[in-house]
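Each chain gets a letter, A, B and so on, in the order its sequence line appears, and its residues count up from 1.
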There are 2 protein chains.
Amino acid sequence: MSNLEQRCVEAGLKMTGQRRVILRVLGIAEDHPSVEDVYDRAKALDSSISIATVYRTLSLLDEMELVVRHEFQEGYSRYEVNSEHHHHLVDLETGQVIEFQNEELEKLKEKIAHDLGYELIDHRLELYGKKLKSEK
Amino acid sequence: MSNLEQRCVEAGLKMTGQRRVILRVLGIAEDHPSVEDVYDRAKALDSSISIATVYRTLSLLDEMELVVRHEFQEGYSRYEVNSEHHHHLVDLETGQVIEFQNEELEKLKEKIAHDLGYELIDHRLELYGKKLKSEK
DNA sequence: CTATGTGCAAAAGGTTTGCTTCGCA
DNA sequence: TGCGAAGCAAACCTTTTGCACATAG
C-alpha cells in the first residue's frame with residue numbers, strides 16, 4: 001500500500017478502486033496537473049472514473065492536506081502532492097512551473113506578518129517570468 | 001476630470017456615463033471590491049448600469065493597468081486602483097485586506113528569479129493570517 | 001454620422017451537488 | 001449489510017459574448 005493510500009486509510013477513508021487510481025496518478029505526476037489532467041490520466045488506468053469523483057477526491061485530499069491546490073491565474077486549479085514546502089516560478093512562455101525554496105524568504109514572511117500584528121497561517125508566492133537569454 | 005478619466009481619454013476610450021460612474025466608484029473605494037461590489041456601488045449612482053459593462057470596463061482597465069486584479073482564492077476577482085506596488089495580508093478571521101510593502105522582499109524576488117535563469121515579469125505574494133492576541 | 005459602447009440574455013467554463021446505485025469494510 | 005462512495009446529469013457561479021440599440025466625438 002502506498003504512503004498516500006496509507007494516510008487515507010488512517011484518516012478513515014474507504015480505499016476504493018477509483019481513489020487508488022487517483023492517488024497513483026498524483027503520486028507519479030512530475031508536474032502540477034489540472035483536474036482535467038488528473039481525470040484524463042486516471043481514465044487511462046480505469047475508464048469508468050467520472051470527473052465528479054476526481055473533483056470530490058481532490059477536495060478531500062486538499063482538506064486532509066495530502067495535496068496542495070494552486071491557482072496560477074489560469075481560471076482553474078492545479079494540484080500537487082504536498083511534500084516539502086516550496087514556491088513556484090511560472091514560465092510565461094511555456095507554462096512550465098519551476099519549484100524553489102528560499103530560507104531567507106521564509107524568515108522574511110514571518111517577520112512581515114508579525115510586524116503587522118499577525119500570526120502567519122498560510123501564504124502564497126508565485127513568480128512569473130521569462131527565461132533569460134543565456135549567451136552560451 | 002479625474003485623473004483616472006484623464007488617462008482613459010488619453011488611451012482613446014470614450015468617456016461614457018457608465019465609465020465615469022465606475023471610475024468614480026473605484027476612485028473612492030478604500031477596500032478591494034469584487035466585481036459584484038463595484039456593480040452594486042455603481043448601480044447606486046446610476047441604476048441603469050449592467051454587470052456586463054462592469055466586467056467589460058474592469059477588463060479594459062486591467063489591460064491598461066489602471067487597475068489591478070486580485071484572486072485571493074475566493075473563487076472570484078477583486079480589484080483596486082493601481083497605485084504604488086504593494087502586497088496583501090488577508091485576515092482569515094475578518095476577510096480584511098492589509099497592504100504592505102517591503103523593500104527587502106522586492107530585492108529577494110528579483111534575485112531568486114535571476115538565480116533560476118529568469119527575468120521577473122510579474123509576481124504575487126499574499127499572506128494569510130490571524131491577528132495576534134495583543135496583551136494590552 | 002459612425003465607430004464604440006451598452007443592456008440583455010444566452011452561453012461558456014470550471015466546479016458542485018442531488019439522487020440513485022454500487023461496493024468496501 | 002450498512003454507510004460511505006461513485007456515476008450521471010443538472011445546477012451553480014463567475015465571467016464572456018452575440019446581437020440590436022444607443023451615444024460620444
Peer 1: What's the shortest heavy-atom distance between B/Q73 and A/E71, and which atoms?
Peer 2: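 Between these two residues, the closest heavy atoms are CA-OE1, 4.3 Å.
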Peer 1: Nearest heavy atom decides the nucleotide; on that basis, is B/S77 or A/K14 closer to the 5' end of DNA chain D?
Peer 2: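 Nearer the 5' end of the strand: A/K14.
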Peer 1: If each of B/R20 and B/Y76 is mapped to the nucleotide of DNA chain D with the nearest heavy atom, which maps nearer the 5' terminus, i.e. the 5' end?
Peer 2: B/Y76
Peer 1: Under a single-linkage definition using a 4.5 Å side-chain heavy-atom cutoff for Ile, Leu, Val, Met, Phe, Trp and Tyr, are A/V68 and A/V81 assigned to the same hydrophobic cluster?
Peer 2: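 No.
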Peer 1: Starting at CD of B/E74 and ending at P of D/dC13, how long is that distance when rounded to a whole Å?
Peer 2: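 B/E74 atom CD is separated from D/dC13 atom P by 16 Å.
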Peer 1: Whether B/Q18 contacts D/dT23 is assessed here as follows: a side-chain N or O lying under 4.0 Å from the phosphate OP1 or OP2. Is that the case?
Peer 2: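 For D/dT23, OP1/OP2 do not have a side-chain N/O of B/Q18 under 4.0 Å.
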Peer 1: Does any donor atom in the side chain of B/S59 or B/D62 lie under 3.5 Å from an acceptor atom in the other side chain?
Peer 2: no
Peer 1: In the single-linkage hydrophobic clustering (I, L, V, M, F, W, Y; side-chain heavy atoms under 4.5 Å), do B/V97 and A/I112 co-cluster?
Peer 2: no
Peer 1: For A/R24, is the CZ atom crowded, meaning more than 12 foreign heavy atoms sit under 6.0 Å from it?
Peer 2: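 No.
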Peer 1: Grab the OH-P distance between B/Y39 and D/dT15 for me, whole Å please.
Peer 2: 14 Å
Peer 1: Give, ordered by number, those residues of residues 47-72 of chain A having at least one heavy-atom distance below 4.0 Å to an atom of DNA chain D; if nothing qualifies, reply none.
Peer 2: A/S48, A/I49, A/S50, A/A52, A/T53, A/R56
Peer 1: Tell me what A/G75 touches on the nucleic acid: a base, only sugar-phosphate, or nothing, going by heavy atoms under 4.0 Å.
Peer 2: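 Sugar-phosphate contact only.
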Peer 1: Using a heavy-atom cut-off of 4.0 Å to chain B, what are the terminal contacting nucleotides of DNA chain C, in 5' to 3' order?
Peer 2: C/dA3 to C/dC8
Peer 1: To 10°, what angle do the rotation axes through the five end pairs on each side of the helix from C/dC1-D/dG25 to C/dA25-D/dT1 form?
Peer 2: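 About 30°, once rounded to a multiple of 10°.
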Peer 1: Could you check whether A/E104 pairs with A/K107 (Lys NZ or Arg NE/NH1/NH2 to Asp/Glu carboxylate O, under 4.0 Å)?
Peer 2: no
Peer 1: Should the pair A/H32 and A/F72 be assigned to parallel (<30°), tilted (30 to 60°) or perpendicular (>60°) ring geometry?
Peer 2: perpendicular
Peer 1: Are B/E126 and B/H70 close enough, and set up right, to give a side chain to side chain donor-acceptor pair (under 3.5 Å), and what steps lead you there?
Peer 2: CA-CA 10 Å; B/E126 290 147 27; B/H70 297 289; 5.2 Å; no
Peer 1: B/L13 CG to D/dG25 P: how many Å, rounded?
Peer 2: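 Value for this atom pair: 10 Å.
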Peer 1: So, B/E110 versus B/H123: side-chain donor-acceptor pair below 3.5 Å or not?
Peer 2: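 There is no such pair between these side chains.
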Peer 1: Within this structure, what is the CG-NZ distance for the pair A/N102 and B/K109, rounded to the nearest 0.5 Å?
Peer 2: 13.0 Å
Peer 1: In terms of side-chain heavy atoms, does B/Y76 have a donor or acceptor partner in B/E36 at a distance below 3.5 Å?
Peer 2: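 There is no such pair (donor and acceptor under 3.5 Å, judged by atom type) between the side chains of B/Y76 and B/E36.
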Peer 1: Please report, rounded to the nearest Å, how far the C1' atom of D/dA6 is from the CZ atom of A/R19.
Peer 2: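 Those two atoms, CZ and C1', are 9 Å apart.
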